[in-house]
Amino acid sequence: MNQITYLYNRIKANRTLDRVLCAVTVGFFPLFLVLVVENIHLQSLPALLRFLGDSVGVLVYDYFFVGLVFAGLALLLRQVWMAMFLEGGALYLLALVEYFKYDANGTHFSIADLVMAGKISDVARFAQIQISPVMVCSLAALILYVLWTAFLHIRVRLPWKGALPLGAGVLALLTLTVTVPPVYSAIYQVCGIDYEPGYSPYSTDEAFQKNLQIAYLSQNISGEVSKRLARPKDYSQKSIEALLPTQVPAESGPFEAPDVILIMSEAYTDFRQFDGVKVPNGTYDVFDRMAREGAKGEAMVPTFGGYTCKTEFELLFGLPVKGISDESVPHQLFTDGEERPTFPAYLREQGYETTFIHPFSESFYNRDKAYRSYGFDNLCFENDFDVKTTRLGDYIDDNTLMRQIEAQLESGTDKPQFIYAISMQNHGPYTGTEKYALRDDRLTSGEEAELGRYLYGIAQTDKALGELTAYLKQRSRPTVVMFVGDHYPYLGRQAGLYKKLTRVASGYSLYRQPYLLWSNYQLNYELPKEQVSTFYLPHILGDAIDLPKDRFLTDMWSMMQTTPRFTFDLGDNSEDAQALMKLTYDRTQGSAWSDMDN
């Protein structure tokens with residue numbers, strides 16, 4: 001301690017040395033923090049050096065972005081080491097989250113992910129947290145830098161009345177540079193930052209590899225701000241009325257109101273479509289039987305490898321997530337408790353009791369708040385299950401989910417039931433010991449193990465479906481089941497597995513999902529032969545059970561014939577495109593004029 005005191009006194013005694021050390025310490029910190037953050041993701045010094053040499057414009061932007069945050073905090077706090085501690089600690093933690101999230105499911109951290117973390121423990125259940133030497137060394141270096149700054153006793157000399165408004169002004173300036181489109185687009189172009197919106201993990205990964213984390217996070221903020229759902233210029237009750245038919249055709253017969261079960265299966269898809277993949281016998285036996293006994297179609301889901309709630313939105317509202325600017329986490333728009341005109345809400349108007357079942361945390365994706373707006377009488381999360389729970393890996397399995405569905409059907413209500421169930425069993429990472437032993441010369445041993453674990457889970461889903469349908473066949477009450485997967489699983493580093501299995505891995509092929517319609521009674525129904533967007537599935541389901549159609553449902557049924565796919569860059573050239581966008585705004589953020597009585 002005496003030596004530290006001696007050194008401190010010597011530095012402070014030399015005014016020139018003191019000023020130089022303070023200036024270098026403060027001026028170098030933004031660059032130091034950029035290098036720490038980017039190296040955590042890269043985990044490679046050569047890769048970090050390539051970034052420094054190949055992306056000078058991005059590096060300059062990162063320096064000033066970090067520097068402005070640092071300057072604003074320093075002015076507000078006046079103690080420079082505290083500003084370093086807060087900004088450095090926050091960016092270090094975000095770098096860890098980015099690394100673990102990308103390692104677990106191949107998607108990069110975004111601002112929208114912040115609303116998922118109702119509980120940090122929920123997020124941790126998805127990740128394989130393995131601390132690397134780079135992470136430890138980076139944290140140690142950051143701590144030493146903060147301690148060195150505290151040792152030098154660097155502080156802002158301005159009085160509070162000058163420092164506070166100046167600090168707020170600096171942070172306000174930074175906010176303007178990332179939220180005002182003309183400003184940030186000009187800056188990004190000059191610095192060579194990729195800020196074009198991406199619709200798949202492949203395009204977003206390309207942007208990330210070019211921008212790396214800090215610039216990617218900045219442009220992600222800009223993208224979230226720019227895609228905020230804006231009120232259409234000609235939005236009015238008259239313009240919405242003009243979209244809808246003037247009258248509804250007469251219904252063909254009485255509505256018998258069967259029980260309805262809509263199952264959205266986590267990461268479910270049919271891997272037999274990939275040539276050469278040796279899927280173990282029996283993996284899809286019940287799925288195939290349900291297709292033979294009922295009907296099978298093909299949908300285009302709006303997401304790949306993650307963001308389940310995009311598909312949820314389309315199944316709930318019967319409208320495209322593209323209509324809300326392809327919102328990453330739609331549930332965050334509906335946490336105010338105000339009921340929206342959804343498919344479950346319409347069924348409730350027709351006399352149904354509506355139930356949502358999901359064997360995971362109620363706070364994840366803000367589902368506990370959002371689902372109160374969707375027209376459900378009952379919400380059942382993992383802590384609400386009445387049946388004994390069993391697991392596959394870290395998650396409650398599909399067998400438990402099916403038994404909970406059966407328990408709900410036996411609840412004794414006199415009303416017809418609508419049950420919307422979202423599974424969790426087949427969520428990644430796919431690292432469990434229960435798996436099929438697969439051999440494929442195109443894949444690495446790690447990819448073989450991942451695929452084997454995934455297909456083992458799919459086989460367990462198949463068995464659970466078999467038990468559910470066997471139970472339903474014994475029921476006297478008419479029951480209809482619609483089954484669809486939410487998205488493809490993310491498999492292989494940077495989704496490399498798909499690139500080895502198909503030539504068009506970055507195209508629409510990874511958004512194709514089979515769906516089933518099955519019943520325990522004679523249901524003469526033919527699904528559309530062509531591929532349709534997922535948001536049409538509730539309309540198909542309603543039509544199959546002869547659900548009375550209001551003007552909105554009638555109009556949507558008509559649009560399915562003329563614009564069967566409206567997602568990403570598909571369907572934009574049709575007259576229906578503007579109608580779909582307006583209707584989505586009206587029923588999510590507007591006055592719901594399309595939901596008024598006929």
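Computed from a prediction, not measured in an experiment: that's the story for all the values here.
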Inset, instruction - Identify whether the distance between the nearest side-chain nitrogen and carboxylate oxygen of Lys310 and Glu327 falls below 4.0 Å. - result: no
Inset, instruction - Spell out, as yes or no, whether a donor-acceptor pair under 3.5 Å connects the side chain of Arg78 to the backbone of Ala74. - result: no
Inset, instruction - Using only heavy-atom distances, determine whether the side chains of Ser361 and Glu382 contain a donor-acceptor pair under 3.5 Å. - result: no
Inset, instruction - Taking all heavy atoms of Leu319 and all of Leu583, pick out the closest pair and write down the distance. - result: CD1-O, 4.0 Å
Inset, instruction - Step through the shown structure and confirm whether more than 12 heavy atoms of other residues, nucleotides or ligands are within 6.0 Å of CZ on Phe64. - result: no
Inset, instruction - Output yes when a side-chain donor or acceptor of Thr335 lies under 3.5 Å from a complementary backbone atom of His331, and no otherwise. - result: no
Inset, instruction - Please report the shortest heavy-atom distance between Leu174 and Thr177, naming the atom on each side. - result: O-OG1, 2.6 Å
Legend entry - Single hit among Phe100, Tyr216, Tyr99 for ring pair (Phe, Tyr, Trp, His ring centres under 6.0 Å) with His108: Tyr216
Legend entry - CD on Glu266 to OH on Tyr395, rounded to 0.5 Å: 8.0 Å
Inset, instruction - Could you tell me whether a side-chain N or O of Ser373 sits under 3.5 Å from a main-chain N or O of Glu338, the two making a donor and an acceptor? - result: yes
Inset, instruction - Please work out which of the three classes, parallel, tilted or perpendicular, describes the rings of Phe208 and His41, given edges at 30° and 60°. - result: perpendicular
Inset, instruction - Over 60° means perpendicular and under 30° means parallel, so classify the ring planes of Phe32 and Phe29, tilted if in between. - result: tilted
Legend entry - Ser363 (side chain) donor-acceptor with Asn366 (main chain) under 3.5 angstrom: no
Legend entry - Heavy-atom pair with the smallest gap, counting every atom of Cys22 and Ile154: SG-CG1, 3.6 Å
Legend entry - Worked verdict on Phe535 versus Phe313 for ring-ring contact (aromatic ring centres under 6.0 Å, His included): CA-CA 8 Å; Phe535 64 85; Phe313 172 86; 9.4 Å; no
Inset, instruction - Report the relative orientation of the aromatic rings in Tyr145 and Phe28; use parallel for angles under 30°, tilted for 30 to 60°, perpendicular for over 60°. - result: parallel
Inset, instruction - Check for a donor-acceptor pair, side chain of Thr584 on one end and backbone N or O of Ile324 on the other, with a separation under 3.5 Å. - result: no
Legend entry - Closest contact, heavy atoms only, Leu333 versus Arg340: O-NH2, 3.7 Å
Legend entry - Mutual orientation of the aromatic rings belonging to Tyr61 and Tyr188 [parallel < 30°, tilted 30-60°, perpendicular > 60°]: perpendicular
Inset, instruction - Take Tyr490 and Tyr430, measure what ring-ring contact (aromatic ring centres under 6.0 Å, His included) needs, and give me the verdict at the end. - result: CA-CA 9 Å; Tyr490 184 88; Tyr430 306 102; 9.4 Å; no
Legend entry - Whether His358 side chain and Ile422 backbone form a donor-acceptor pair below 3.5 Å: yes
Legend entry - Heavy-atom closest pair, residues Ala71 and Val170: CB-CG1, 4.2 Å
Legend entry - Polar side-chain atom of Tyr511 near backbone of Tyr488 as donor-acceptor pair, under 3.5 Å: no
Legend entry - Closest non-hydrogen atom pair, His487 against Thr303: CB-O, 3.5 Å
Inset, instruction - Find the distance between CG (Leu171) and CG (Leu75) and round it off to the nearest 0.5 Å. - result: 8.5 Å
Inset, instruction - Apply the side chain to side chain donor-acceptor pair (under 3.5 Å) test between Asp486 and each candidate in Asn426, Thr534, Thr308; give the one that qualifies. - result: Thr308
Inset, instruction - Before accepting this row, confirm whether a basic side-chain N of the pair Lys500/Asp440 lies closer than 4.0 Å to the acidic partner's carboxylate O. - result: no
Legend entry - Neighbour count >12 (heavy atoms, 6.0 Å) for atom CZ, Phe85: no
Inset, instruction - Indicate the ring-plane relationship of Phe356 and Tyr420, choosing parallel, tilted or perpendicular according to the 30° and 60° boundaries. - result: tilted
Inset, instruction - Determine yes or no for a side-chain-to-main-chain donor-acceptor pair under 3.5 angstrom, with Arg565 supplying the side chain and Ala299 the backbone. - result: no
Legend entry - Short side-chain donor-acceptor distance under 3.5 Å, Tyr371 and Glu312: yes
Inset, instruction - Give a yes or no answer on whether the side chain of Glu87 reaches the backbone of Met82 with a donor-acceptor pair at less than 3.5 Å. - result: no
Legend entry - ring-ring contact (aromatic ring centres under 6.0 Å, His included) between Phe304 and Tyr498, intermediate numbers included: CA-CA 12 Å; Phe304 166 83; Tyr498 294 106; 5.5 Å; yes
Legend entry - Spacing of OG belonging to Ser132 relative to CD belonging to Gln43, to within rounding of 0.5 Å: 3.5 Å
Inset, instruction - Kindly indicate, with the supporting measurements, whether the criterion ring-ring contact (aromatic ring centres under 6.0 Å, His included) is fulfilled by Phe334 and Phe317. - result: CA-CA 12 Å; Phe334 310 111; Phe317 282 85; 5.1 Å; yes
Legend entry - Point-to-point distance, once rounded to the nearest 0.5 Å, from CD of Gln219 to SG of Cys191: 13.0 Å
Inset, instruction - Check for a donor-acceptor pair, side chain of Asp586 on one end and backbone N or O of Ala592 on the other, with a separation under 3.5 Å. - result: yes
Legend entry - Arg442 bridged to Glu447 by N-O distance under 4.0 Å: no
